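Each remark here refers to the structure printed beneath this line.
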Protein chains: 2
Amino acid sequence: MNQTKRKVKEQFHLFLSNKGLKGTLQRSLILDAFLDLDRSTHIDELYLILRGKHPNIGHATVYRALRLFASAGIAREINLGDGLTRYGVAGGRRHDYLVCNDCGTVTEFENGSIERYQAEVARSMGFTVQSLKIELRGVCNRCMAQAGRHS
Amino acid sequence: MNQTKRKVKEQFHLFLSNKGLKGTLQRSLILDAFLDLDRSTHIDELYLILRGKHPNIGHATVYRALRLFASAGIAREINLGDGLTRYGVAGGRRHDYLVCNDCGTVTEFENGSIERYQAEVARSMGFTVQSLKIELRGVCNRCMAQAGRHS
DNA sequence: CATACAATGACATTCACTTTCAAGCAGACA
DNA sequence: TGTCTGCTTGAAAGTGAATGTCATTGTATG
Ligand SMILES: [Mn+2]
Ligand SMILES: [Mn+2]
Ligand SMILES: [Zn+2]
Ligand SMILES: [Zn+2]
């Protein structure tokens, strides 16, 4: 268990205490699986991973845990309009997404200057910006290479 | 019925002919309601408006019609991650959204330079961009003014 | 017209997600 | 350590947007 992970788990424990909530085996297992993945994921992926080792864990519990992580500031909800809710680790402020239309891979990146400019445009329209999301859809280089090979 | 609307209806009629599909009273009524609104909307809003004058119109028919309009290039699907599919008139290439967290209003705008820059960043990561969506959430000036009045 | 087949609308179904509820468990306090 | 409160769990049922089914109706074309 690396340093970052230890810190997050501590942060979660503190969050629970402050809110009068309880630490449970399930929450610990789900948080471990989430942090160990180290990339954005959806609930079903986590659920299947967890069921492999802990067949008694409940579907609803995974949903509830991820929502809880989000409210604790540990996870970030990602909604890309495909009907699934994804979650990413909340460290940093990544909210720019490259979504491959071929393989579905989601790559996150950050670009501060574009955000500042974009927010400026919004302000000029009398809009107070609270959050910003940029979503690019296309073909990732891996899929592009594969397509070339088949032609 | 203004010039733009007449043109769109003609375009739709042509689309139907080319595909071997049929013009129906319902499709005409739904297209009228959609174009008359002249702002992005979700199916239920259209459905309620239509039910006022035409109580026999079906729920599924409105869904089917809007999907058809989209495939005809008349409507644009908008998905802002709240679980509802919105539709806007497809004229122009607006895909930048200001969403008010207070009143839910969706304002669309376009900003070509930001898009070109953003696409360049993506390309530099080996990603071939096919479409781009920018979503800013915050408070619109109307809601901001109201908040000020109450304080 | 007649005929072929697309479209409609009531209804059922899907799918991601949430809620319910009885049983279980965590943690505070004595 | 034991007790007690009430948070948590998991199975099952429910929710809500959207889509599929299918008998019936409507449309366009010859
Ligand atoms: Mn960013
Ligand atoms: Mn849904
Ligand atoms: Zn790909
Ligand atoms: Zn507003």
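Everything quoted here is computed from the prediction, not taken from an experiment. Chain letters run A, B, ... following the sequence lines, proteins first and then strands; every chain starts at 1.
- At whole-Å resolution of the value, CG in B:L84 and C1' in C:dC17 are 14 Å apart.
- Counting heavy atoms from C-beta outward, A:I30 and A:R27 have side chains that stay 4.5 Å or more apart.
- With a 4.5 Å cut-off on side-chain heavy atoms, A:E135 and B:L132 do not count as touching.
- Non-hydrogen atoms lying under 4.0 Å from DNA chain C are contributed by nothing in residues 43-52 of chain A.
- The two residues A:G73 and A:A90 come nearest to each other via the heavy atoms O-CB, 3.2 Å.
- Using a 3.5 Å distance cut-off with no hydrogens or angles, the side chains of B:S28 and B:K9 do pair a donor with an acceptor.
- Within the helix from C:dC1-D:dG30 to C:dA30-D:dT1, the inter-axis angle between the opening and closing five-pair segments is 30°, rounded to 10°.
- Heavy atoms from other residues, nucleotides or ligands lying under 6.0 Å from CZ of A:R51 number more than 12.
- Residues A:A122 and B:L136 approach most closely at CB-CD2, 4.3 Å, considering heavy atoms.
- Counting only residues at least two apart or in different chains, salt bridge (charged side-chain N to carboxylate O under 4.0 Å, His left out) contacts with residues 34-48 of chain B comprise B:K5-B:D36, B:R39-B:E45.
- Atom CG of A:L98 is separated from atom OG1 of A:T105 by 10.5 Å, given to the nearest 0.5 angstrom.
- Taking the six-membered ring where the residue is Trp, A:H59 and A:Y63 present perpendicular rings, their angle passing 60° and hence far from 30°.
- Under the salt bridge (charged side-chain N to carboxylate O under 4.0 Å, His left out) rule, A:E108 has a single partner from A:R76, A:K133, A:R86, which is A:R76.
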Discussion item. If you apply the rule side chain to side chain contact (heavy atoms under 4.5 Å, CB included), what do you find for A:V121 with A:F127, and how did you get there?
Written reply: CA-CA 9 Å; A:V121 171; A:F127 195 87; over 6 Å; no
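- Proximity of residues 54-72 of chain B to DNA chain C (heavy atom under 4.0 angstrom from any strand atom) is restricted to B:N56, B:I57, B:G58, B:T61, B:R64.
- Note: CG (B:D82) to C1' (D:dA18) measures 14 Å, nearest angstrom.
- Taken to the nearest 0.5 Å, the OG1 atom of B:T85 stands 10.0 Å off from the CD1 atom of B:I78.
- The stretch residues 5-22 of chain B comes close to DNA chain C through B:G20, B:L21, B:K22, each having a heavy atom under 4.0 Å from the strand.
- Exactly one of B:V89, B:L31, B:L66 qualifies for a side-chain contact (heavy atoms from CB on, under 4.5 Å) with B:I74. That residue is B:L31.
- A heavy atom closer than 4.0 Å to some atom of DNA chain D occurs in no member of residues 24-39 of chain B.
- Between B:Y87 and B:H42 there is no side-chain heavy-atom pair separated by less than 4.5 Å.
- For B:F69 and B:F12, the distance between ring centers is under 6.0 angstrom.
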